[in-house]
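Note that these values count all heavy atoms, side chains included, but never hydrogens, waters or copies made by symmetry. Note on naming: letters A, B, ... go to the chains in the order of the sequence lines (proteins, then strands), and numbering restarts at 1 for each one. Keep in mind that what you see is a predicted model, and the values were worked out from it rather than measured.
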Amino acid sequence: MPKTVLTPQSEDFPRWYQDVIAKAELADNGPVRGTMVIRPYGYAIWERMQADMDRRIKEAGARNAYFPLFIPESYLTREAEHVEGFSPELAVVTHAGGKELEEKVVVRPTSETVIGEYMAKWTQSYRDLPLLLNQWANVVRWELRPRVFLRTSEFLWQEGHTAHATEADARAYARRIHADVYAAFMREILAMPVVLGRKTARERFAGATNTLALEAMMRDGKALQMGTSHELGQNFAKAFDITYLSEQSRQETCWTTSWGTSTRMLGGLIMCHGDDAGLRVPPRLAPVQALVMVVKDGEGVVAAAEQVVADLVGRGVRAELDARVDTPFGRRAVDAELKGIPVRVEVGPRDLAEGSVTVVRRVAGGKTAVPLGGVVDTVAAALDDDHEALYAAALAHQTDHTTAVSTLEEAREAARTGWATIPWSTLGPEGEATLAESAVTVRCLTMPDGSVPESEDDAGVLAVVGRAY
RNA sequence: CGGGGUGUGGCGCAGCUUGGUAGCGCAUUGCGUUUGGGACGCAAGGGCCGCAGGUUCAAAUCCUGUCACCCCGACCA
């Protein structure tokens, strides 16, 4: 039996989370409390998330731009709810260039305000709309209770900002990002099932008229918001004078949206798929899909392993060679497991004597001897299979830990191990406030068929409640 | 803001009560034996004991001050 290298999830889930992050070399704590250093392996996963998301965002018509890190403090104060929502977590620069600044500068907690200022300049005519922007950036929100990836004072994200001529167009775009970009990415790449819904007024983004969210269940039953897409109505458009001249030559105010996903998704990925042996990275996301290990040196072993790598790469598999035979095999195998590499191909003298290699799978488990000629097909099939297996397992976990209830007491009880669904007409804002006293919150409002309600007053709206990160 | 706790090699900790010049596990480096599931032996490197002051022949240890971090409560959401 392998020695326990991580604190078991059942013993202490938060501890397990910290352990995997350290042992899989994903991140380290930064020198300033609440900051993090993303290590090469963690960053490689983030880069793959970025690449795929970026492609989808561009397919949705948005284009990348970059706005400054520093925002005049006065911008923030223009939208009342927005300042109020963010002021407690703002980092403000008061001194620079060796002297006190006349106007303080805020380190962006999000970029609605600066981008609003420029949108106002760029949207002159209805021909300029919709204006669809996205930026990849870091943002700062000073956190008192930081946790690596989940809540840090600085994190990396993608923030989209759009301006539209009509409310309907803005609403449709916010929904398109929510469902066709974010949910699809999480399903197809992260192998994570998410519940799509809208936020209650209490949980809404500061300054938004509607917030759409994607909630995922972690293995401890808690919820993690994986992304949000906001309809901002005309709140920011009015505050920043984002207007345009319509076809009828009338000055009209735009309707804006904003939407974002961050490095927090890494935390979600870890806690959704990870097990007691470490991370499990879904194959389409994995920076290394197949690790070809030289188990033990011997006649022609390294050459055979190199050939397997070449064959896999030729087939489009992200394969790497591990020929560190001076490091004990067990250590290397455990390392690969901690890092969640989907497939290991072990090549040693014993295998070669049989004309085969040993394929070891992280998700499905088990070792199989595979003839040299069949390695590529076997690995490719395993990768496809693992993606579906991870998704199915996560979905089953979510389903098994979600209970339909009809009273607050039952909801609280269900939230101890997972989520509860309760009719919103039963719960209401009062029930929501009551549950919040025991740290149980409404994660989102959804329809029984999984669709997103048009309004919280729609017939049949369900509140998904639980504890959240 | 109130209460409690902790600061000792990279990480985790012991030593403090009863002062005597710093130790253990893991990690790291070298050599050898190993290598098919976190190997073993021998050797080595690495510490302003949070910081400042005081008591003392002598302070990680006692005293005073100070800083940082953690937990609980309050506040906030």
Using a cut-off of 4.0 Å on non-hydrogen atoms, how would the nucleic acid contact of [X] be classed: base, sugar-phosphate, or nothing?
X        : result
A/Glu346 : base
A/Pro88  : nothing
A/Val357 : nothing
A/Thr358 : base
A/Asp335 : base
A/Asp297 : nothing

Handout entry: Candidate pair A/Val195 and A/Gln398, rule side-chain contact (heavy atoms from CB on, under 4.5 Å), full reasoning
Key = CA-CA 10 Å; A/Val195 170; A/Gln398 181 195 299; 3.6 Å; yes
I'd like the [atom1] distance from [M] over to [N], given in whole Å.
N     : M     : atom1 : value
B/A59 : B/A52 : C1'   : 15 Å
B/G15 : B/C69 : P     : 26 Å
B/G10 : B/U28 : C1'   : 9 Å
B/G47 : B/A60 : C1'   : 11 Å
B/C49 : B/C13 : C1'   : 13 Å
B/U8  : B/C48 : C1'   : 12 Å
B/A27 : B/G45 : C1'   : 13 Å
B/C11 : B/G20 : C1'   : 30 Å

Pairing nucleotide - [N], Watson-Crick or G-U, each distance under 3.5 Å:
N     : result
B/G46 : none
B/A77 : none
B/C24 : B/G12
B/G32 : B/C40
B/C51 : B/G65

Exercise for the section: Answer yes or no: is there a side-chain heavy-atom contact under 4.5 Å between A/Phe205 and A/Thr228? Expected result: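 When only atoms from C-beta onward are counted, A/Thr228 and A/Phe205 do not touch, as no gap falls below 4.5 Å.
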Practice task
Determine the interplanar angle of the A/Phe236 and A/Phe240 rings, folded into 0 to 90°, and report it as parallel if under 30°, tilted if 30 to 60°, perpendicular if over 60°.
Solution key: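 Ring orientation of A/Phe236 relative to A/Phe240: parallel.
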Practice task
Select one nucleotide: of B/A39, B/G37, B/G36, the one nearest the side-chain heavy atoms of A/Asp351.
Solution key: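 It is B/G36.
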Atom [atom1] of [X] and atom [atom2] of [N]: how far apart are they, to the nearest Å?
X        : N     : atom1 : atom2 : answer
A/Asn29  : B/G10 : CG    : P     : 16 Å
A/Glu432 : B/A77 : CD    : P     : 14 Å
A/Leu291 : B/G37 : CG    : P     : 16 Å
A/Asp12  : B/G12 : CG    : P     : 15 Å
A/Arg331 : B/C40 : CZ    : C1'   : 14 Å
A/Lys296 : B/G36 : NZ    : P     : 8 Å
A/Gln18  : B/C11 : CD    : P     : 14 Å
A/Arg202 : B/C76 : CZ    : P     : 12 Å

Practice task
Take A/Pro146 and A/Thr327, find for each the nucleotide of RNA chain B with the closest heavy atom, and name the residue whose nucleotide sits nearer the 5' end.
Solution key: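 Nearest-nucleotide comparison on RNA chain B picks A/Thr327.
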Handout entry: Of A/Ala436 and A/Leu338, the one whose closest RNA chain B nucleotide lies more 5'
Key =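 Final value for this comparison: A/Leu338.
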Exercise for the section: Give a yes or no on whether A/Glu47 atom CD has more than 12 heavy-atom contacts from other residues, nucleotides or ligands under 6.0 Å away. Expected result: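 It does: A/Glu47 CD has more than 12 such atoms within range.
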Exercise for the section: Measure from the side-chain N and O atoms of A/Arg219 to the backbone N and O of A/Gly274, and report whether any donor-acceptor pair falls under 3.5 Å. Expected result: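 At least one qualifying donor-acceptor pair exists.
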Practice task
Ignoring hydrogens and angles, state whether a donor on the side chain of A/Gln158 or A/Thr261 is under 3.5 Å from an acceptor on the partner side chain.
Solution key: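 Present: a donor and an acceptor within the cut-off.
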Exercise for the section: Identify whether the distance between the nearest side-chain nitrogen and carboxylate oxygen of A/Glu81 and A/Arg204 falls below 4.0 Å. Expected result: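 Looking at A/Arg204 together with A/Glu81, the answer is no, because their closest N to O distance does not fall below 4.0 Å.
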Problem - Side-chain donor/acceptor contact of A/Arg344 with base of B/G37 under 3.5 Å - result: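 Between B/G37 and A/Arg344, which were checked side chain against base, a qualifying N/O pair under 3.5 Å is present.
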Handout entry: Side-chain donor/acceptor contact of A/Lys367 with base of B/G37 under 3.5 Å
Key =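 Check passes, donor-acceptor contact within cut-off.
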